[in-house]
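I have placed the structure first, in the form of C-alpha cells, so that the comments after it can refer back to it.
From a predicted model like this one, the values you see are computed outputs, not experimental measurements. Counting convention: from 1, in listed order, for ligands and their atoms alike.
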Amino acid sequence: MKLLVTGAAGMLGRDVMLAAGNAGHEVVGYGRVELDVADPAQLHRRLELERPDVVINCAAWTDVDGAETAEEAAFAINGRGAGNVAAAAAEVEARIVHVSTDYVFDGAKGAPYVESDQPAPLSAYGRTKLAGEEAVAAANKRHFIVRSAGLFGVGGRNFVGTMLQLAEDRSEVAVVRDQVGSPTYTWHLAYGIVRLIEGIEYGIHHMAAAGQCSWYEFAREIFEQAQVECRVLSITSEEFGAAAPRPAFSALASQREHAIRLPSWQDGLAGYLGQRQAEGSE
Ligand SMILES: NC(=O)c1ccc[n+]([C@@H]2O[C@H](COP(=O)([O-])OP(=O)(O)OC[C@H]3O[C@@H](n4cnc5c(N)ncnc54)[C@H](OP(=O)(O)O)[C@@H]3O)[C@@H](O)[C@H]2O)c1
C-alpha cells in the first residue's frame with residue numbers, strides 16, 4: 001500500500017514512517033512546512049499528486065496548556081485541520097487514520113475507558129481533539145480514529161525525557177499522583193497503527209499501552225529502570241497548578257473483539273530507554 005503521513009516530523013509521525021517502511025509499505029511523509037493541514041487547497045493538490053491508499057494524520061497542536069488561551073488556533077489544526085485531511089483523503093478515495101487522545105474523556109468513570117464511552121473533554125485541547133474526531137468521521141466514511149495516551153518516543157520532547165533531564169541537576173522531583181493513565185511508547189503505537197490499516201475495521205479504536213499508572217508511579221519506574229538516583233515526591237494536580245485541567249483517570253482499554261493490544265507501559269519504557277541508549281541520547 002502507499003501511505004502518506006502528515007505531521008511526519010513529529011514524535012509519532014517519525015515512528016509511523018519507520019514502522020510503515022519496515023512493514024513493506026511505500027510511504028511518503030510531510031512536515032508542517034511542506035504540508036499544512038490548515039490549508040485545504042494545499043492538501044488537495046498534494047494528495048492528487050501522491051494518490052495514497054491511506055493517509056495517516058499525525059499533525060496536531062499538542063501544547064495542552066497553551067491551548068487554554070489559544071483554543072481557536074488549536075482548533076484550526078486539531079479540529080478543522082483534521083477534517084481537511086480526511087476530506088482530501090476522501091477525494092482521492094484514500095482511507096484516513098486520525099490520531100486522538102484520552103483527553104477527550106473527563107476521567108470521572110473510575111475504570112478504563114472503552115470506545116463506546118461518552119467523551120466529555122475538560123480542556124480546550126480535549127475539545128479541539130474531539131471536534132477533530134467528529135470532523136474526520138463526517139468527511140470520510142473509511143476512517144480509523146485511534147485514541148492513544150501519554151506518548152513518549154525518541155522523536156520528540158516527552159515526560160520520560162523531561163524526568164531524565166531534570167534528574168541531571170536535581171536530587172528530587174515532584175510529580176502528580178492524582179492523574180492515572182496508560183503512557184504509551186510511540187514505536188509500539190506506530191506498529192499498532194500499521195497493523196490496523198491492514199484491516200477494514202473502521203471507527204474508533206483505543207490503542208494505548210496495557211496497564212495503568214499515575215505520573216508519580218511512572219516517574220519512579222523511569223528512575224528505577226534507568227538506574228538514576230532521584231527521589232520522587234508526590235503532589236496533587238492542584239499543587240502542580242497546570243493551566244489545563246486533565247482527567248484524573250483516563251486509562252484506555254478496547255472493547256473490540258479483534259483489538260490490537262500493545263505491550264505494557266513498563267515494556268514501552270524499557271524499549272524507549274534502550275532506543276535512547278542505542279541512539280546516544282543519554
Ligand atoms: N504527545 C502525547 O502525549 C499524546 C497523547 C495522546 C495523543 N496524542 C496525539 O498523537 C498525535 C501525535 O502527537 P505527537 O506527540 O507526535 O506530537 P508532536 O511531536 O507535537 O507532533 C505533531 C506534529 O504536527 C505538526 N503540526 C503542527 N501543526 C501543523 C499543521 N498545521 N500542519 C501540519 N503539521 C502540523 C507539528 O509541527 P511543529 O512542531 O512544527 O509545530 C509536529 O511535527 C497527535 O494527534 C496528538 O494529539 C499525543
Side-chain angles (χ1 to χ4, degrees), residues 4-19 29-43 46-47 55-67 70 72-86 88 96-105 113 119 121 123-133 135-136 144-162 179 181-190 192-193 204-209 215 218 242 244 246-247 250-252 262 265 268 272:
L4 184 145
V5 180
T6 60
M11 185 164 68
L12 178 63
R14 289 192 207 193
D15 279 350
V16 166
M17 296 283 298
L18 291 171
Y30 293 96
R32 177 190 203 138
V33 179
E34 306 129 321
L35 189 57
D36 183 347
V37 300
D39 183 342
Q42 195 187 35
L43 280 165
R46 180 50 58 190
L47 266 63
V55 177
I56 304 180
N57 183 29
C58 293
W61 171 300
T62 52
D63 177 359
V64 176
D65 291 317
E72 175 48 36
F75 175 77
I77 299 166
N78 293 351
R80 205 178 314 116
N84 293 340
V85 180
I96 173 85
V97 178
H98 176 64
V99 183
S100 193
T101 170
D102 55 332
Y103 285 5
V104 298
F105 294 113
Y113 282 95
S123 62
Y125 169 77
R127 286 190 291 275
T128 65
K129 292 297 291 183
L130 180 59
E133 293 185 3
V136 166
F144 302 95
I145 290 166
V146 177
R147 293 190 184 131
S148 196
L151 298 184
F152 55 93
V154 294
R157 284 176 55 86
N158 62 76
F159 181 81
V160 186
T162 301
Q179 289 171 34
S182 313
T184 303
Y185 182 28
T186 49
W187 190 242
H188 288 163
L189 177 59
I193 289 173
I204 298 174
H205 294 257
H206 284 187
M207 208 185 282
W215 291 111
F218 192 35
R246 288 160 168 81
S250 57
L252 297 177
L262 304 188
W265 59 271
Y272 170 72

Contact table ligand 1 N or O to protein N or O, d under 3.5 Å:
{"from": "ligand 1", "atom 1": "3 (O)", "to": "L151", "atom 2": "N", "distance (Å)": "2.8"}
{"from": "ligand 1", "atom 1": "16 (O)", "to": "M11", "atom 2": "N", "distance (Å)": "3.3"}
{"from": "ligand 1", "atom 1": "16 (O)", "to": "L12", "atom 2": "N", "distance (Å)": "2.8"}
{"from": "ligand 1", "atom 1": "19 (O)", "to": "M11", "atom 2": "N", "distance (Å)": "2.9"}
{"from": "ligand 1", "atom 1": "20 (O)", "to": "T62", "atom 2": "OG1", "distance (Å)": "2.8"}
{"from": "ligand 1", "atom 1": "24 (O)", "to": "A60", "atom 2": "N", "distance (Å)": "3.2"}
{"from": "ligand 1", "atom 1": "28 (N)", "to": "R32", "atom 2": "NH1", "distance (Å)": "3.3"}
{"from": "ligand 1", "atom 1": "31 (N)", "to": "D36", "atom 2": "OD1", "distance (Å)": "2.8"}
{"from": "ligand 1", "atom 1": "32 (N)", "to": "V37", "atom 2": "N", "distance (Å)": "3.0"}
{"from": "ligand 1", "atom 1": "41 (O)", "to": "R32", "atom 2": "NH1", "distance (Å)": "2.7"}
{"from": "ligand 1", "atom 1": "43 (O)", "to": "G10", "atom 2": "N", "distance (Å)": "3.3"}
{"from": "ligand 1", "atom 1": "45 (O)", "to": "V99", "atom 2": "O", "distance (Å)": "3.1"}
{"from": "ligand 1", "atom 1": "45 (O)", "to": "K129", "atom 2": "NZ", "distance (Å)": "2.7"}
{"from": "ligand 1", "atom 1": "47 (O)", "to": "Y125", "atom 2": "OH", "distance (Å)": "2.7"}
{"from": "ligand 1", "atom 1": "47 (O)", "to": "K129", "atom 2": "NZ", "distance (Å)": "2.9"}

Heavy-atom side-chain proximity of L47 to L4 below 4.5 angstrom: yes

All side chain to side chain donor-acceptor pair (under 3.5 Å) counterparts of Y113, not counting sequence neighbours: D106

Side-chain (T186) to main-chain (L151) donor-acceptor, under 3.5 angstrom: no

For H206, side chain to side chain donor-acceptor pair (under 3.5 Å) partners two or more places apart: R147

Any donor-acceptor pair under 3.5 Å from N78 side chain to G132 backbone: no

Non-neighbouring partners of S148 that pass side chain to side chain donor-acceptor pair (under 3.5 Å), sequence neighbours left out: none

